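Only a predicted model underlies this, so the values are computations on that prediction, with no experimental measurement involved. Sequence lines set the chain letters: A, B, ... in the order given, protein chains first and strands last, and positions in each chain run from 1.
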Number of protein chains: 2
Amino acid sequence: MGRMPKLADHEERRALIVAALLRIAANRGLHAASMRTVAAEAGVSVSTVQYYFGTKERLLFAGLQHQAEVVGQRIEAGLAANAGGGVRNRLYAWLVQLIPVNEQQRAGYTVFAAYHALALTDPALAEQSYTRGSAELEVVLRGLLADAEQAGELSPGRDVGAEAGNLLALATGLADSVMAGMRTPEAAIALLNYQLDQLFVAASSRSAAAARRP
Amino acid sequence: MGRMPKLADHEERRALIVAALLRIAANRGLHAASMRTVAAEAGVSVSTVQYYFGTKERLLFAGLQHQAEVVGQRIEAGLAANAGGGVRNRLYAWLVQLIPVNEQQRAGYTVFAAYHALALTDPALAEQSYTRGSAELEVVLRGLLADAEQAGELSPGRDVGAEAGNLLALATGLADSVMAGMRTPEAAIALLNYQLDQLFVAASSRSAAAARRP
DNA sequence: GCCTTGATGGTACGACTGTACTGTACGATC
DNA sequence: GATCGTACAGTACAGTCGTACCATCAAGGC
């Protein structure tokens, strides 16, 4: 704090400005994020934004990249935090993160949706592989499901690759429906749990089967 | 065609302008749809757009309403066209419509995504119940699944309400992944078919079961 | 034939946009 | 201590935005 040093920390200044951009995008929409509004939100001058990002296009790119990194870090953090639990609980812990239940998650979804819509008509933005996080998550899910299949926890006749893709798509679609006001977050989570119930052999019948053949 | 009549057909003129708006939104993005670009695309003057819609906000509302009506009509058309087939085929026929395979469907998705993102930060737009089509479709799906359950075509232990919601969310999420470039449309359709295979009793085992007990 | 009114074009205005340019204060280097 | 480059702030410019206003022109009612 205090007086700003004359040799600034570029990383920190850029992060400050990007945070202001994402804040505006989440609250007022990405269309409301102009050079001036972002600068005002960050408490700096427009020239400072220009100095660190040059053009607005590069600022937008940085915002998208930051958002993607946040998602990636959340995934890794969830991986570390839930490394110990059962496979089904770990699956649930990750998928439920995609359902927007609190304001932070709603904000993240809003920003992502805005970039997603923008990328549909802006080739330069589409080239930024902002879906890498989702693709990585799908790979993780597939690995988890493979473990569960080895342990005999899955219902018979399941394709782990297809199930991984469908679980991710289901969670995404449920998030859409929640944000569109079609469903409460709780209802979406209940639907997610239902799907996992169908996918996994019920714990009671598993233990019953185990008790039947000792 | 020919000379424009001096007493204009308001419906027709409004439709002409809204079509131009949606064309721009699909091709260049909703942010590129200004009074001037829409007027130019429609081949009319800005004043004409003002005359029929007054303000840009009302023009955007009309565009969203039109898009919702198109979706609703597609659902009804699909209902009429596939009234005869089996339940599973009818389910598939509707859900596969949500996966963008051709340019028209991609355009529709793009427009809808743009409005969806805008509605997340614009309360006035969010109040327009643009999700009514999806909600109606979910009701239809539930009815279909109930029929299938009555006919014994469903796998045991399924909740038709949950399955209807999850199928719709799955199709939506698969559409997202296709538009995000994560998957080809064909791969998404394969995943959709996989899910339906899990939900329905395989036709072979159904006929086998029927043959076993006459 | 006149006059009203519906339908449209043209234009002007104020606000906002991204970006380029200029000025300038200060830490680092010599 | 003079010099140089970094890190800003301020401003100016050309363009676009939505919208209000005025002109026009033809069709219908009288």
Atom [atom1] of [X] to atom [atom2] of [N]: distance rounded to whole Å?
| X | N | atom1 | atom2 | result |
| --- | --- | --- | --- | --- |
| Lys56(A) | dT16(D) | NZ | C1' | 13 Å |
| Asp9(A) | dG27(C) | CG | C1' | 16 Å |
| Met35(A) | dT16(D) | CE | P | 18 Å |
| Arg58(B) | dG18(D) | CZ | P | 15 Å |
| Arg14(A) | dA7(D) | CZ | P | 13 Å |
| Tyr51(A) | dG5(D) | OH | P | 12 Å |
| His10(B) | dA7(C) | NE2 | C1' | 7 Å |
| Glu57(A) | dT19(C) | CD | P | 8 Å |

Residue-phosphate contact under 4.0 Å: Thr48(A) side-chain N/O, dA9(D) OP1/OP2: yes

Answer yes if the side chains of Thr131(A) and Ser134(A) hold a donor-acceptor pair under 3.5 Å, and no otherwise.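 Short answer, no.
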
Would you say the side-chain atoms of Gln198(B) and Tyr194(B) include a donor-acceptor pair closer than 3.5 Å? yes

Just to verify, what does Arg106(A) make a salt bridge (Lys or Arg N to Asp or Glu O under 4.0 Å) with, not counting sequence neighbours?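 For Arg106(A), no residue satisfies salt bridge (Lys or Arg N to Asp or Glu O under 4.0 Å) once neighbours in sequence are set aside.
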
Partners passing salt bridge (Lys or Arg N to Asp or Glu O under 4.0 Å) against Glu186(A) (at least two apart in sequence or in another chain):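 Result, salt bridge (Lys or Arg N to Asp or Glu O under 4.0 Å) vs Glu186(A): none returned.
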
According to side chain to side chain donor-acceptor pair (under 3.5 Å), does anything in residues 50-62 of chain A pair up with another residue at least two apart or in another chain? List the pairs. none

Whether Gln105(B) side chain and Val101(B) backbone form a donor-acceptor pair below 3.5 Å: yes

Under the 3.5 angstrom rule, does the side chain of Ser177(B) hit a backbone N or O of Met182(B) as a donor-acceptor pair?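 No, because the side chain of Ser177(B) does not come within donor-acceptor range (under 3.5 Å) of the backbone of Met182(B).
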
Ion pair Arg23(B)/Glu41(B), N-O distance below 4.0 Å: yes

N/O-N/O pairs, protein side and nucleotides 10-13 of chain C side, under 3.5 Å:
residue	atom	partner	partner atom	Å
dG10(C)	N7	Ser47(B)	OG	3.2
dG10(C)	O6	Ser47(B)	OG	2.4

Where along residues 17-34 of chain A does a heavy atom fall under 4.0 Å from DNA chain D?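 The answer is none.
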
Side chain of Tyr52(A) (C-beta onward), nearest among dT19(C), dA9(D), dA7(D):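 Among dT19(C), dA9(D), dA7(D), the one nearest the side chain of Tyr52(A) is dA7(D).
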
With Asn89(A), which residues qualify under side-chain contact (heavy atoms from CB on, under 4.5 Å), at least two apart?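 By the side-chain contact (heavy atoms from CB on, under 4.5 Å) rule, Asn89(A) matches no residue at all.
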
